[in-house]
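Shown next, in structure tokens, is the structure this report addresses.
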There are 2 protein chains.
Amino acid sequence: MPYFDAASSAPLHPVARQALLAALDEGWADPSRLYREGRRARLLLDAAREAAAEAVGCRPDELVFTPSGTRAVHDGVAGALAGRRRAGRHLIVSAVEHSSVLHAAAAHEADGGTVAEVPVDRTGRIAPGAYAAALREAPGGVALACLQSANHEVGTVQPVAEAAEECAAADVPLLVDAAQSLGWGPVEGNWSLLTASAHKWGGPAGVGLLAVRKGVRFRTVQPADERESGRSPGFENLPAIVAAAASLRAVRAEAAETAAEAERLRGLVERIRTRVPELVPDVEVVGDPERRLPHLVTFSCLYVDGEALLHELDRAEFSVSSGSSCTSSTLTPSHVLRAMGVLSEGNVRVSLPRGTAEADVDRFLEALPGVVAGVRERLGAPKPAEPVEAADPAPEPEPEPELVVDSLGKRCPIPVIELAKVIGEVPVGGVVTVLADDEAARLDIPAWCEMRGQTYEGERPADRGVAYRVRRRA
Amino acid sequence: MPYFDAASSAPLHPVARQALLAALDEGWADPSRLYREGRRARLLLDAAREAAAEAVGCRPDELVFTPSGTRAVHDGVAGALAGRRRAGRHLIVSAVEHSSVLHAAAAHEADGGTVAEVPVDRTGRIAPGAYAAALREAPGGVALACLQSANHEVGTVQPVAEAAEECAAADVPLLVDAAQSLGWGPVEGNWSLLTASAHKWGGPAGVGLLAVRKGVRFRTVQPADERESGRSPGFENLPAIVAAAASLRAVRAEAAETAAEAERLRGLVERIRTRVPELVPDVEVVGDPERRLPHLVTFSCLYVDGEALLHELDRAEFSVSSGSSCTSSTLTPSHVLRAMGVLSEGNVRVSLPRGTAEADVDRFLEALPGVVAGVRERLGAPKPAEPVEAADPAPEPEPEPELVVDSLGKRCPIPVIELAKVIGEVPVGGVVTVLADDEAARLDIPAWCEMRGQTYEGERPADRGVAYRVRRRA
């Protein structure tokens, strides 16, 4: 039963399990106590901190353990903003950060601060100089900038070292969310703060990392607590911390081995990137083709309901994730796909755990075409190769032929399917207007136009929902 | 090697260990995912929530899991204060709450709110009607009141049900910190919010509980997060949550068994309470003698340095805790002992884990007198039974005989030892003034007077430190 969602949570690494078991016996006491059980716990905690700091590339006294990657981000962003309050209240983030960063940014805005989002290109990557530009254009003093090391949904690696230089030149600290990449190697460059999450590298749940370089102004916003340098309140989750550090050391210990496994997974991912568009019609593979995480690939399938696709893949025993709106509680497509401007319907993220068998990837590639075709058939999607009906080669110029499709109340991918079905009914040069109130349409109708070579003419408010205009080009 | 510090952290319960191991295999995936590993994790999470809610005595949808008891308190207090901001900004706490509550209160004050501390008597218990009085005397609208179910340092059980009634009559929610008592039984009465910590009942570290009754206004102050009803951000620490719930159910499953073990430990504690003052001279046993936790007893030893005492007990293989100033990083005695007005020097808290062997308690009682005597001897403490030198039965009235002891720069218990040594040098009616700059003297000199039948005449500022005046009465 192949599990292909390592980017959500990786199965526990054997070293983590072993370390956890040992630490349950040796590390349950309060490390601040003077008696032997407490001293033993303290030794374990100190050793874990040293191991984690070495893997991060910082000093042990710069690193604290938090209860999760999310809390590391929340507390790290809030602490850096508070510490630099005199410098200003402006925060710069990329548009494709993890929701924990964007939620921390929203909380900052709600508290009266300002936030700028740095856009990304169609591959999900920020442009060179983008952070320098955002710093120049800041409306006031900049307290902090945040940039992920690599994107969690599409795998695109960000130019963190360059962004860090741009921030350093402006004397602004850069917080790097390294949740997706830390298991594969340290974050390069002159970052100021770094966050990570143990269960992403095969460590246990319940452990995040927050590193704050010496000299970076930081003021904890939590109530006082003497533990973890005052930066992460609460009794230390010691067995899990020990397991997190041990497994981070394990996945990184043999640089050559890690590199070899990364190369192997990169090959499997490349196979998926190449074969999926060959095997499945009307698919868009997204994310930077080169500068990417080794184990993660994402594609979107036209005319496919993401939730139905996930269910069918689950029935076929493949566990994958999706950024489609219909698989989330918010009914909006992934903010990452939106920021990239790529198709969100039928979105599938495949993230391979270490040790993924080649045969499992091949089985996935065998199963996928039938699964997608089945979902499309049930939705009544247009046939893939179905040519648009031969168009009148010389349409009369007036009145402008126009057709309105009412998709109000219908959810992704129905509006796009209905558009595809009628586009052949207007002559070349004619316009189809789709009325839709599903948020995904805003992203998927333009993406469909790009994939189908039609002209997207924009949206305007309608009595109900939004009217999207598409002009037939061929 | 008897471990007598269950109130800090209890060794992992066998059921917790077993559940944790099972959940490491079954519950490492993201419970929000649709595939089978995610659904399995969701089932485990739902079952854990039901079990924990049943033990707490609330509905499952009223309970969320937090990363620690401290975070449960921080987030619970902040959320209740924010939710009731319109009602007012006044917070009522008892003077002997856990530091997590007092630190949350301090953060509220720093944010412009007001806080009132309800005093306790010499046993550490709030007076009947004390919360009603605090509510009446509030300077403005009261947002929240907090009261522990039982004190973590001296074991005194608080009249929570009565305080909850008083709060309900004023339409103010009461948050109960049940960290020390939840393993022994549910909290009685009409509380509004409840917090607890799994590693206190034999569950793993990394799990706290926060229950918020339906109808209680609550607004999360953390950045948004869809997990745990939006009340506790971060990836769920599922294996630990499963272990926490399973062990809570285990320690509470057999009400009769739990009651029998509570009774047995109560007997052992009673033995310590009775025997220690018989075996060790100049000891004050503190805490309510009747209304108390079954497993916890605290006493303070005159003329003893708490840190030295703990070290010697550790050498004798007993792991206990202390609220003495010299064992903390803050150099101030425990705020609990201070609020009670009892002796803090040579303070020892014994908290027995379930299953503690009677023989271990007896060994402790055997070892203690020698250990205390040894510490006292090294400090040059007065002999225990040493009578104060026969006083002049009719001292001449003037000039008032006065003696000044300069203990500046000397740390607890030296100022009290020096006082004890010279009290016999002034005639009955004469005064000894102790100059001291150690915070503990403020608590321990009055406590010594009470124990010794001398008259404490108060303190006044001196050129350096504080001058404490003691009049010889016998």
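Computed from a prediction, not measured in an experiment: that's the story for all the values here. So that the names make sense, note that chain A is the first sequence line, chain B the second, and so on, each numbered from 1.
Contact of Arg36(A) with chain B is made through backbone and side chain together, with heavy-atom distances under 4.5 Å. Contacts between Ser9(B) and chain A at a heavy-atom distance below 4.5 Å involve backbone atoms as well as side-chain atoms. Interface remark: Thr220(B) contributes no atoms to any contact with chain A (heavy atom separation under 4.5 Å). Using a 4.5 Å cut-off between heavy atoms, Ala240(B) makes no contact with chain A at all. Using a 4.5 Å cut-off between heavy atoms, Arg71(B) touches chain A through its side chain atoms alone. Contacts of Leu102(A) with chain B are absent, with no heavy-atom separation under 4.5 Å from either backbone or side chain. Looking at Ala107(A), only its side chain comes within 4.5 Å of chain B, counting heavy atoms on both sides.
Other residues, nucleotides and ligands contribute at most 12 non-hydrogen atoms within 6.0 Å of the CZ atom of Arg219(A).
Ring geometry for Tyr3(B) versus Tyr35(A): interplanar angle over 60°, hence perpendicular rather than tilted (30 to 60°).
Residues Val320(B) and Arg349(B) are not in side-chain contact: their nearest non-hydrogen atoms beyond the backbone lie 4.5 Å or more apart.
For the options Leu20(A), Ile241(A), Asp25(A), heavy-atom pairs under 4.5 Å to chain B are most numerous at Asp25(A). Note: His74(B) leads His74(B), Arg315(B), Glu317(B), His311(B) in heavy-atom pairs under 4.5 Å with chain A.
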